[in-house]
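Structure, as structure tokens:
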Amino acid sequence: MSKTKINRSILLLTILFFWNTGGVRSQLYPDSVYSDRPTLIHRLEIGGRPGYIIPTNKFLRGENEQSRPIRYAFSSHLKYAFQFHPDSRTGQIYRGAYQGIGFAYYNFENSREIGNPKAAYLFQGATLAEITPRLSFDYEWNFGLSTGWNPYDYDKNPYNGMVGSKVNAYMNVNFYFRYLLSRYFDLIYGVTFTHFSNGNTKFPNAGLNATDIKAGITYNINRQVNYLSQGLPGYTSLIRDFPRHISYDVVLFGSWRRKGVVFDGEPMASPDKYTVLGFNINPMYNLGYKLRVGASLDGVYDSSANIYTENYIISYGDPNPGYTFYKPAANKQLALGLSARAEYVMPYFDVGVGIGANLLHGGGDLKGFYQILALKIKVTRHSFIHIGYNLQNFDTPNYLMLGLGLRLNNQHPRH
């Protein structure tokens, strides 16, 4: 099957999945007074984001083929989303919550060396504040993959020390105003922050960061009423008291990574790929519908930890044999840590952050603090897909955390 047909099939299945979530109508509308209203509001959005590229590496600052800074970018976005009706229980708990799938096309000042990436991503947002019946202040996060990069190549693209892979993760967070122009159309405008990275799966991985201005139009396909209005006809609160409780998440994850060392004062990249395996055990206190806090016991085996190389004695005129990288004993690559965790809970997705330190470790690369950013995609009531990223000492990219999770003692009310 061709790549184009596969992409079309994935897109069709994704849209059908989101569309068919309307099948939970009986759970969201237990009261017959709401039976004539749609459970979900479907919408399409088109927008543009002119942006400024943050000069975080020398390639962007001007050490490139054109010998000038790369500062500006522009992206076009097409998105589909569904939103819970404001009269439903879910709509009342998670005011203005929506989620969907988006597609973007990026254009950079220096497309010959960087490329023109295309991104496909999941997103979710909600209302932070209702300013007037027609104006709200909202947030949204985007997470997906981008392709079409022109990566570093010693012969064809030697200056691009920023991107080493044709496929990179796409992450974005934005805060914006939504103004209701009519029953069907909304105007949106705000600011965003974007990060592209391959998660240390390939070198180089300096990444690209940009801040953008967001503007667009949303078409609400089947919106019946102004979802910011108060005192809707027949309005009755459907929110139940939340049972505070402790749940337990158990996550097993794995990934691969590249690693470099500093040798004789110069950074040197290993040609090998290294395996990372780990687990998290998270007791979490559920404070309410949207927040849980707790701790995590974090174990990891990082086969790149504390690798090293040695110099060679080379006779004049002999070819350089390269450098061999060595692994230390296994106990130098194992660590057990403890971290504090907090999670923002929404329908379908949980976004979590953590900060911790290794208590038992083999020294060297495993010393210091680590930070975790994680997205949990709910599969069933008691299971989820885990996509996370680990940083060291707040600035050094460490490794991806791709895995599966099990949630025990989940007493979160069904919607």
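Reckoned from all heavy atoms, side chains included, excluding hydrogens, waters and symmetry mates.
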| task | Among Thr194, Asn172, Asn174, find the one that has a side-chain hydrogen bond (donor to acceptor under 3.5 Å, both in side chains) with Asp212. | result | Thr194
| Mutual orientation of the aromatic rings belonging to Phe349 and Trp141 [parallel < 30°, tilted 30-60°, perpendicular > 60°] | perpendicular
| Parallel, tilted or perpendicular: which fits the ring planes of Phe82 and Phe84, with parallel below 30° and perpendicular above 60°? | perpendicular
| request: Please step through side-chain hydrogen bond (donor to acceptor under 3.5 Å, both in side chains) for the pair Asn280 and Asp249, ending with a clear verdict. | output: CA-CA 8 Å; Asn280 304 139; Asp249 286 2; over 6 Å; no
Counting only heavy atoms not in [X], do more than 12 fall under 6.0 Å of its [atom1]?
{"X": "Phe193", "atom1": "CZ", "value": "yes"}
{"X": "Lys378", "atom1": "NZ", "value": "yes"}
{"X": "Lys332", "atom1": "NZ", "value": "no"}
{"X": "Lys202", "atom1": "NZ", "value": "no"}

| message | For the aromatic rings, using the six-membered ring if either is Trp, is the centroid distance between Tyr308 and Tyr326 under 6.0 Å? | response | yes
Report yes if some heavy atom in the side chain of [X] is under 4.5 Å from a heavy atom in the side chain of [Y]; otherwise report no.
{"X": "Ile217", "Y": "Leu187", "value": "yes"}
{"X": "Phe242", "Y": "His412", "value": "yes"}
{"X": "Arg244", "Y": "Tyr285", "value": "yes"}
{"X": "Met346", "Y": "Tyr348", "value": "no"}
{"X": "Phe384", "Y": "Val251", "value": "yes"}
{"X": "Leu291", "Y": "Val345", "value": "no"}
{"X": "Leu402", "Y": "Phe253", "value": "no"}

Examine distances only and state if a side-chain atom of [X] and a backbone atom of [Y] form a donor-acceptor pair shorter than 3.5 Å.
{"X": "Asn205", "Y": "Ser197", "result": "no"}
{"X": "Thr211", "Y": "Thr192", "result": "yes"}
{"X": "Asn286", "Y": "Met284", "result": "yes"}
{"X": "Asn157", "Y": "Asn150", "result": "yes"}
{"X": "Gln333", "Y": "Ala305", "result": "yes"}
{"X": "Asn220", "Y": "Asn222", "result": "no"}
{"X": "Arg49", "Y": "Lys214", "result": "no"}
{"X": "His386", "Y": "Ala374", "result": "no"}
{"X": "His245", "Y": "Pro243", "result": "yes"}

| query | Are Gln411 and Asn409 linked by a side-chain donor-acceptor pair shorter than 3.5 Å? | reply | yes
| Do Asn398 and Asn390 have a side chain donor and acceptor closer than 3.5 Å? | yes
| Considering the options Leu366, Leu336, Leu338, which one meets the side-chain contact (heavy atoms from CB on, under 4.5 Å) requirement together with Asn358? | Leu366
So how far is it from [X] [atom1] to [Y] [atom2], rounded to the nearest 0.5 Å?
{"X": "Leu128", "Y": "Ser136", "atom1": "CG", "atom2": "OG", "result": "9.0 Å"}
{"X": "Leu60", "Y": "Ile53", "atom1": "CG", "atom2": "CD1", "result": "6.0 Å"}
{"X": "Leu404", "Y": "Ile377", "atom1": "CG", "atom2": "CD1", "result": "11.0 Å"}
{"X": "Phe325", "Y": "Ser304", "atom1": "CZ", "atom2": "OG", "result": "11.5 Å"}

If the condition is salt bridge (charged side-chain N to carboxylate O under 4.0 Å, His left out), which residues does [X] pass it with, not counting sequence neighbours?
{"X": "Glu63", "value": "none"}
{"X": "Arg112", "value": "Glu65"}
{"X": "Glu113", "value": "none"}
{"X": "Lys259", "value": "Asp365"}

| said: So that I can tick it off, tell me whether Asp350 and Arg407 are bridged by a salt bridge, with the cut-off set at under 4.0 angstrom between side-chain N and carboxylate O. | reply: yes
| request: Inspect the contact between Arg178 and Glu140 and indicate whether a charged nitrogen and a carboxylate oxygen are less than 4.0 angstrom apart. | output: no
| field | side chain to side chain contact (heavy atoms under 4.5 Å, CB included) evaluation trace for Phe369 with Asn393 | value | CA-CA 5 Å; Phe369 292 95; Asn393 296 326; 4.1 Å; yes
| What pairs with Leu44 under side-chain contact (heavy atoms from CB on, under 4.5 Å), at least two apart in sequence or on another chain? | Tyr80, Ile221
| Does the ring-ring contact (aromatic ring centres under 6.0 Å, His included) test come out yes or no for Tyr170 and Phe143, once each step is laid out? | CA-CA 6 Å; Tyr170 164 80; Phe143 182 82; 8.7 Å; no
| task | Quick one: which residue pairs count as a salt bridge (Lys or Arg N to Asp or Glu O under 4.0 Å) with a foot in residues 336-349, not counting sequence neighbours? | result | Arg292-Glu343, Asp298-Arg341, Glu343-Lys376
